[in-house]
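What follows is a set of notes on a single structure, which appears directly below.
Atoms considered below: every heavy atom in the structure, side chains included; atoms not considered: hydrogens, waters and symmetry mates.
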Amino acid sequence: MDKEIEKQFRIWREKAAGDEDIVRELEEMAADGASMEDAFFKTLSFGTGGLRGVIGAGTNRMNIYTVAKASQGLADYLKRNSKEPSVVIGYDSRIKSDLFSRTAASVFAANGIRVHIWPALTPVPTVSFAVRYLHANAGVMITASHNPARYNGYKVYGTDGCQITTEAAAAIQKEIEKLDIFSDVKIFSSKENQIRTFAENEKQNGKDAFDIFMEKGLISYVPDEVLTAFISEIKKQSVLFGDGADRDVAIVYSPLNGSGLVPVTRVLRETGYTNITLVKEQEQPDGHFPTCPYPNPEIREAMELGMKYARERQADLLLATDPDCDRVGIAVRDEKGEYVLLSGNETGLLLLDYICAQRAKHGKMPADPVMIKTIVTTDLGERIASHYGVGTKNVLTGFKFIGEQIGMLEKEGREDSYIFGFEESYGYLSGSYVRDKDGVNAAFLICEMFSYYKARGLGLLEKLRQIYGEYGYCLNTLHSYEFEGAAGFEKMQRIMADFRKNIDRIGPKKVLEVMDYSQGRDGLPPSDVLRFVLEDGCSLVVRPSGTEPKLKAYICVSAGSREAAKRVEEELWDAVEQIVME
């Protein structure tokens with residue numbers, strides 16, 4: 001085994017005594033070289049998505065020490081760039097999310113940074129909103145979004161409410177790299193009434209640092225008015241403009257044991273939707289996600305219980321939000337009464353067309369409207385936008401790049417030009433009040449759109465068929481390949497190298513152009529992404545995930561019918577599998 005891994009393990013075993021779970025795990029690790037290597041073979045990297053990893057002991061894990069070190073690095077960065085910095089902190093239902101949020105708050109306060117922390121678990125877009133509302137310099141959200149229960153993460157926002165830029169992430173990472181995880185992180189000691197290191201002073205005299213800083217006023221809870229203001233902004237996103245809608249639709253809603261329960265039900269009820277049934281087993285926060293081990297509305301298994309509720313109650317619409325409530329999945333009934341799940345691309349196309357049609361109908365389209373989507377999101381969105389005279393901006397994968405574009409429009413005095421942004425991974429946003437995808441906003445808009453069409457005798461599946469009839473059929477699929485640990489990371493690098501080897505054909509389709517974003521292109525920053533433009537309006541995008549140990553392949557097929565598109569997609573997928581599995 002690598003000597004550095006053994007050295008780090010010994011240091012942790014000696015000094016990481018502040019969490020009983022970590023102490024126990026290190027003891028078990030002493031007899032398991034494989035788990036030791038995986039926990040210490042690298043340090044969790046800090047990027048534009050912050051940190052994300054498996055909860056546990058080690059440098060490659062999410063724990064109070066890695067969270068505290070990241071917070072110290074961020075604190076040093078903020079003090080270098082702001083006179084009197086302040087931070088907003090939120091957290092979701094994940095295991096140890098509340099502990100990690102209190103840890104981060106304590107480190108910031110020990111560094112003299114004012115902290116506003118949400119008093120209870122909250123959706124990630126509320127942190128983006130509160131940063132701007134409270135004029136804070138940064139935001140931190142403790143979440144691993146839709147990952148399995150063993151994960152947690154640390155997402156960072158800038159003063160503009162957008163996830164931090166590549167440049168800011170690199171600068172913060174430099175600050176983090178300067179620190180020793182056990183000796184350079186500040187915290188408050190009530191016993192000696194002075195700032196000392198975090199590792200030495202987790203608890204003193206029955207009070208932890210968080211409680212002490214609350215008493216001193218350096219940490220305070222975000223006031224209720226902020227959530228009310230957030231809900232108010234969402235209600236302003238309505239595009240009915242006086243048109244009627246059937247708000248008596250029967251809705252089944254699942255927060256998937258996450259943070260969406262309060263804000264989603266509140267905004268729906270305040271706008272007239274009262275026929276709401278909650279999925280009881282998934283209603284309350286629970287980081288173990290007992291009924292949906294992979295709490296992602298993109299995954300059918302996560303939606304199964306909600307679909308069972310919908311069938312039993314003959315509901316019109318099923319909604320589910322992921323644990324940090326920035327993604328929404330839906331299901332609707334078809335002509336046979338069976339419930340059909342819609343993909344992120346399909347829901348996004350429906351919302352885009354609905355918003356554009358309503359704005360055009362009522363003369364509410366801005367002078368220079370813009371829709372923003374990621375490069376892996378369906379090309380059909382651009383065709384729809386063009387039909388309504390709306391420009392399209394394509395950005396790298398990750399809603400932070402959509403938020404960044406909204407900020408640029410604001411600086412140009414064109415904030416009102418932004419009308420919608422979406423990504424294939426079930427993220428949507430119709431307003432500029434936040435700079436990240438918003439599951440509360442999306443749930444509200446989906447219900448409004450559904451109600452609008454129902455009042456006119458039209459279902460979402462029928463509307464989707466109309467869209468395909470007008471613009472042509474487009475099939476979009478995502479295939480993920482998981483590669484855990486050090487060996488998996490190296491494997492993904494080799495696969496990406498293989499995809500860069502002058503491929504002139506993928507399955508039945510000739511490669512017309514290879515777009516390599518590794519050095520940056522089209523005004524976008526460098527990213528390990530390859531896009532193959534194929535003949536007949538098809539495309540393939542391959543990239544390693546920035547937040548999970550996965551390689552992702554996005555296939556887009558344009559064809560005359562679903563059946564024809566499916567045949568081509570299967571051949572393209574087979575070709576991708578051959579390269580990945582070699």
Side-chain angles (χ1 to χ4, degrees), residues 1-47 49-73 94-97 99-100 103-104 107 142-144 147-154 173 176-185 187 197-203 287-289 293-294 480-495 544-551:
M1 183 180 294
D2 188 281
K3 290 184 178 180
E4 182 61 27
I5 290 175
E6 293 180 335
K7 176 185 174 182
Q8 288 299 319
F9 173 74
R10 287 194 299 272
I11 292 172
W12 275 65
R13 203 172 181 188
E14 176 188 349
K15 296 185 177 181
D19 185 327
E20 293 179 1
D21 292 337
I22 291 178
V23 173
R24 184 178 63 255
E25 188 175 341
L26 289 170
E27 288 298 315
E28 295 170 353
M29 207 179 285
D32 186 351
S35 63
M36 183 191 302
E37 182 178 10
D38 196 44
F40 288 95
F41 86 94
K42 67 173 183 175
T43 298
L44 278 182
S45 60
F46 187 97
L51 302 174
R52 189 174 297 185
V54 174
I55 301 164
T59 57
N60 188 35
R61 296 287 185 263
M62 285 293 298
N63 52 65
I64 56 173
Y65 300 104
T66 52
V67 166
K69 183 180 178 181
S71 300
Q72 182 64 53
R94 287 187 171 273
I95 296 166
K96 295 186 182 290
S97 274
L99 173 63
F100 293 166
T103 297
V107 173
I142 305 297
T143 178
N147 287 80
R150 68 183 188 277
Y151 283 84
N152 212 327
Y154 184 104
Q173 175 67 15
I176 295 171
E177 288 173 350
K178 296 176 185 176
L179 304 170
D180 179 275
I181 197 167
F182 292 113
S183 61
D184 293 335
V185 181
I187 200 67
T197 67
F198 174 75
E200 293 170 331
N201 297 286
E202 271 103 359
K203 286 192 175 182
H288 293 92
F289 309 116
Y294 206 114
S480 296
Y481 305 88
E482 192 159 347
F483 299 97
E484 292 276 5
F489 179 78
E490 293 176 3
K491 174 73 171 174
M492 281 194 286
Q493 301 306 304
R494 290 197 299 271
I495 293 171
S545 171
T547 57
E548 304 169 273
K550 290 181 178 181
L551 187 77

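Ser545 contributes atom OG, which lies 12.5 Å from atom CZ of Phe483 (distance to the nearest 0.5 angstrom). Here the CZ atom belonging to Phe100 is positioned 5.5 Å from the CD1 atom belonging to Ile55, to the nearest 0.5 angstrom. Atom CD1 of residue Ile181 and atom CD1 of residue Ile176 lie 10.0 Å apart, to the nearest 0.5 angstrom. Note that the OH atom of Tyr151 and the CZ atom of Arg94 stand 10.0 Å from one another [nearest 0.5 Å].
Under the rule for a salt bridge (charged side-chain N to carboxylate O under 4.0 Å, His left out), Lys7 has no partner lying at least two apart in sequence or in another chain. For Thr59, the side chain to side chain contact (heavy atoms under 4.5 Å, CB included) partners two or more places apart in sequence, or in a different chain, are Gln8, Trp12, Phe40, Thr43. Qualifying side chain to side chain contact (heavy atoms under 4.5 Å, CB included) partners for Ser45, counting only residues two or more places apart in sequence or in other chains: none. Asn60 pairs by the side-chain hydrogen bond (donor to acceptor under 3.5 Å, both in side chains) definition with nothing, not counting sequence neighbours. Under the side-chain hydrogen bond (donor to acceptor under 3.5 Å, both in side chains) criterion, Gln173 pairs with Glu177, not counting sequence neighbours. Partners of Ala57 under the side chain to side chain contact (heavy atoms under 4.5 Å, CB included) rule, at least two apart in sequence or in another chain, are Ile22, Glu25, Leu26, Met29. Looking at residues two or more places apart in sequence or on another chain, you find no side-chain hydrogen bond (donor to acceptor under 3.5 Å, both in side chains) involving Arg10. Here Asp21 pairs with Arg24, Lys96 under the side-chain hydrogen bond (donor to acceptor under 3.5 Å, both in side chains) rule; sequence neighbours left out. For Tyr154, the ring-ring contact (aromatic ring centres under 6.0 Å, His included) test picks out no residue, with sequence neighbours left out.
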Please step through side-chain contact (heavy atoms from CB on, under 4.5 Å) for the pair Ile95 and Asn152, ending with a clear verdict. CA-CA 7 Å; Ile95 296 166; Asn152 212 327; 5.6 Å; no

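Nearest heavy atoms, Asp184 versus Lys178: OD2-O, 3.9 Å. Annotation for Tyr65 and Ala17: closest pair OH-N, 3.3 Å, computed over non-hydrogen atoms. Closest approach of Arg61 and Leu44 over heavy atoms only: O-CD1, 3.3 Å. Summarising the geometry of Asp19 relative to Leu99, their closest heavy-atom pair is OD2-CD2, 4.1 Å, with the distance given to 0.1 Å.
Side-chain atoms of Thr103 do not come within 3.5 Å of backbone N or O of Ala68 as any donor-acceptor pair.
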Please tabulate, for the side chains in residues 484-492, all donor-acceptor contacts under 3.5 angstrom to protein atoms that are two or more places apart in sequence or on a different chain.
unit_1	atom_1	unit_2	atom_2	d
Glu484	OE2	Arg150	NH2	2.8
Lys491	NZ	Glu582	O	3.1

